[in-house]
Amino acid sequence: MKSISVGELRQNPSTMVADVESGEVYELTKHNQRIGFIVPQVPSAQIVPPRRAGGAHTSAIVRHELRSAATIDELLESEKGDW
């Protein structure tokens with residue numbers, strides 16, 4: 001990852017823009033402190049995976065019986081502890 005200061009970016013943005021277009025990521029700094037990143041744009045299809053078609057298929061999940069408590073409320077109460 002390359003780094004560029006706000007001043008350098010103001011003076012000559014074309015080199016950085018060309019690098020970002022080719023896939024390079026830049027760290028943006030101001031007074032030697034990182035303030036952000038400049039990253040290439042990615043199609044939204046790569047960021048958010050597509051939804052699966054069809055139902056949730058929860059009927060295939062095996063049911064488990066509670067062993068340590070008679071009810072969910074008892075189980076949750078025992079897990080709370082002293083806060």
Side-chain angles (χ1 to χ4, degrees):
M1 175 185 341
K2 295 183 178 180
S3 181
I4 191 166
S5 70
V6 173
E8 292 171 329
L9 182 59
R10 241 188 250 132
Q11 290 174 2
N12 187 11
S14 59
T15 303
M16 187 270 316
V17 170
D19 286 347
V20 171
E21 284 178 332
S22 66
E24 185 71 42
V25 176
Y26 270 80
E27 174 186 56
L28 184 61
T29 62
K30 183 177 182 181
H31 303 294
N32 294 323
Q33 297 291 320
R34 179 175 53 206
I35 61 171
F37 295 96
I38 302 171
V39 297
Q41 181 179 358
V42 230
S44 62
Q46 291 180 359
I47 295 173
V48 179
R51 289 185 80 174
R52 292 184 186 179
H57 306 291
T58 56
S59 61
I61 298 174
V62 178
R63 183 176 172 87
H64 292 279
E65 296 298 324
L66 296 175
R67 296 182 191 161
S68 60
T71 66
I72 291 289
D73 293 330
E74 270 185 43
L75 182 63
L76 293 175
E77 191 62 38
S78 70
E79 294 297 317
K80 283 184 183 174
D82 296 326
W83 296 45

Check whether more than 12 heavy atoms from other residues, nucleotides or ligands sit under 6.0 Å from atom CG of Asn32, and answer yes or no. no
Scan Leu9, Asp19, Val25 and name whichever one has a side-chain contact (heavy atoms from CB on, under 4.5 Å) with Ile38. Leu9
Mind checking the CD-CE spacing from Glu8 to Met16? Nearest 0.5 Å is all I need. 11.0 Å
Would Ile35 and Val20 show up in the same hydrophobic cluster when neighbours are defined by side-chain heavy atoms closer than 4.5 Å? yes
Spatial distance of atom OG (Ser3) from atom CG (Leu28) [nearest 0.5 Å]: 8.0 Å
Pairwise distance CD1(Ile4) to OG1(Thr29) - rounded to 0.5 angstrom: 8.5 Å
Provide the closest heavy-atom pair for Tyr26 versus Thr15 in the form atom of the first, atom of the second, distance. OH-O, 4.4 Å
Looking only at heavy atoms, which two atoms of Glu24 and Pro40 are closest? And how far apart? O-CD, 3.6 Å
State the OG-CD distance between Ser14 and Glu21, to the nearest 0.5 angstrom. 10.5 Å
